[in-house]
**Student:** 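The structure follows.
Keep in mind that the numbers below use all heavy atoms, side chains included, and drop hydrogens, waters and symmetry copies.
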Amino acid sequence: IAKERSSQMEVSQLEEMASRAPSTSSKDVALKPTSPELARLLKGKTSAPANLVTTWFTTCAACKRAEPTFAAIRNAFSEQQLGLFGFNNDDGDSKKEMQQYAERFQPAFTPLLDRTAEDIDAFKALQDSLLPAFRLAGSKKVEGISNLTPSCLLVSAQGHILHAWV
């Protein structure tokens with residue numbers, strides 16, 4: 001029941017964000033960070049005005065635990081309303097491994113399989129620029145948020161970052 005409530009809360013928060021349809025005015029474009037890499041990876045895969053992109057990798061247990069939330073989001077929004085994609089941010093996962101993962105676990109998101117090492121580096125840099133660094137309990141080392149998976153970005157069809165969270 002707690003997981004279901006959590007998923008419903010995530011969906012309601014996303015509904016609120018999605019209701020603020022992304023603008024394409026030059027003023028709006030200047031105010032939002034952009035990701036040309038994400039815009040390129042999403043091109044031709046969605047006609048939705050906004051897209052939720054989550055990070056994942058094939059051996060990520062937290063990614064598998066987050067799946068009910070993504071399934072609830074997929075059930076709440078049509079593909080025309082919201083694209084739901086997974087960006088694999090582990091350069092150790094091959095395209096074949098990602099395809100096998102998708103076949104085995106059937107994630108609610110569409111995996112973005114055609115990413116390059118440069119895309120991964122750019123995506124991690126974007127994450128680190130949008131979200132605050134953190135320190136693990138008992139550690140003195142400060143980590144970039146790109147070391148936490150899954151994290152999510154709400155992105156306009158033009159690649160403008162509308163919201164970011166872990």
**Student:** Is there a side-chain contact between Ile161 and Ser35, using heavy atoms and a 4.5 Å cut-off?
**Tutor:**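 A side-chain contact under 4.5 Å exists here.
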
**Student:** Passes side chain to side chain contact (heavy atoms under 4.5 Å, CB included), Leu154 versus Trp165? Steps please.
**Tutor:** CA-CA 9 Å; Leu154 187 62; Trp165 67 98; 4.2 Å; yes

**Student:** Nearest 0.5 Å, what's the CZ-CG distance between Arg74 and Leu82?
**Tutor:**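 Reported value, rounded in 0.5 Å steps: 6.0 Å.
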
**Student:** Give me the atom names and distance for the closest heavy-atom approach of Pro107 to Ala102.
**Tutor:**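 Taking every non-hydrogen atom into account, CD-O, 3.6 Å.
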
**Student:** Could you measure the distance from the CG atom of Leu41 to the CG atom of Asn51? Nearest 0.5 Å is fine.
**Tutor:**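 Between atom CG of Leu41 and atom CG of Asn51 there are 11.5 Å.
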
**Student:** Any chance you could measure Asp119, atom CG, to Asp91, atom CG, to the nearest 0.5 Å?
**Tutor:**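 Spacing of CG (Asp119) from CG (Asp91) equals 11.5 Å.
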
**Student:** So Thr110 and Thr46, do their side chains get closer than 4.5 Å, heavy atoms only?
**Tutor:**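 A side-chain contact under 4.5 Å is absent here.
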
**Student:** So, taking the atom named CZ in Arg115 and the one named CG in Asp121, what distance separates them when rounded to the nearest 0.5 Å?
**Tutor:**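 Output value for this atom pair is 11.0 Å.
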
**Student:** If I compare all heavy atoms of Ala39 with all of Gly159, which pair ends up nearest, and what's the gap?
**Tutor:**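 Taking Ala39 first and Gly159 second, the nearest heavy atoms are CB-CA, 4.0 Å.
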
**Student:** Specify the closest pair of heavy atoms between Thr55 and Leu148, including all atoms of both residues, with the distance to one decimal.
**Tutor:**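 Where Thr55 meets Leu148 most closely, the heavy atoms are OG1-O, 4.2 Å.
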
**Student:** Quick one: pull up CG in Leu42 and CD in Glu37 and give me the separation to the nearest 0.5 Å.
**Tutor:**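 Between atom CG of Leu42 and atom CD of Glu37 there are 11.5 Å.
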
**Student:** Classify the angle between the aromatic ring planes of Phe123 and Phe87 as parallel (below 30°), tilted (30 to 60°) or perpendicular (above 60°).
**Tutor:**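 Rings of Phe123 and Phe87: parallel, under 30°.
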
**Student:** With a 6.0 Å cut-off (strictly less than), is the heavy-atom count around CD of Gln100, excluding the residue itself, greater than 12?
**Tutor:**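 More than 12 within 6.0 Å, yes.
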
**Student:** Tell me the closest heavy-atom pair linking Cys63 and Trp56, and the distance in Å.
**Tutor:**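 Of all heavy-atom pairs spanning Cys63 and Trp56, the closest is SG-CA, 3.6 Å.
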
**Student:** Contact between Phe85 and Lys45 at the side-chain level, heavy atoms closer than 4.5 Å - yes or no?
**Tutor:**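 Yes; the side chains approach each other to less than 4.5 Å.
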
**Student:** Are Phe70 and Phe57 linked, directly or through other ILVMFWY residues, by side chains that come within less than 4.5 angstrom of each other?
**Tutor:**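 Different clusters: Phe70 never reaches Phe57 through Ile, Leu, Val, Met, Phe, Trp or Tyr contacts under 4.5 Å.
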
**Student:** Give, for atom CZ of Arg40 and atom CG of Asp114, the distance between the pair rounded to the nearest 0.5 Å.
**Tutor:**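 So the gap between those two atoms works out to 8.5 Å.
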
**Student:** Check whether Lys64 reaches the backbone of Thr58 with its side chain - one donor and one acceptor, N or O, closer than 3.5 Å.
**Tutor:**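 A pair under 3.5 Å: yes.
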
**Student:** Let's go through Asn89 and Ser146 carefully: what are the C-alpha distance in whole Å and the side-chain angles of both, what is the deciding distance for side chain to side chain contact (heavy atoms under 4.5 Å, CB included) to 0.1 Å, and is it a yes or a no?
**Tutor:** CA-CA 8 Å; Asn89 62 348; Ser146 61; 5.7 Å; no

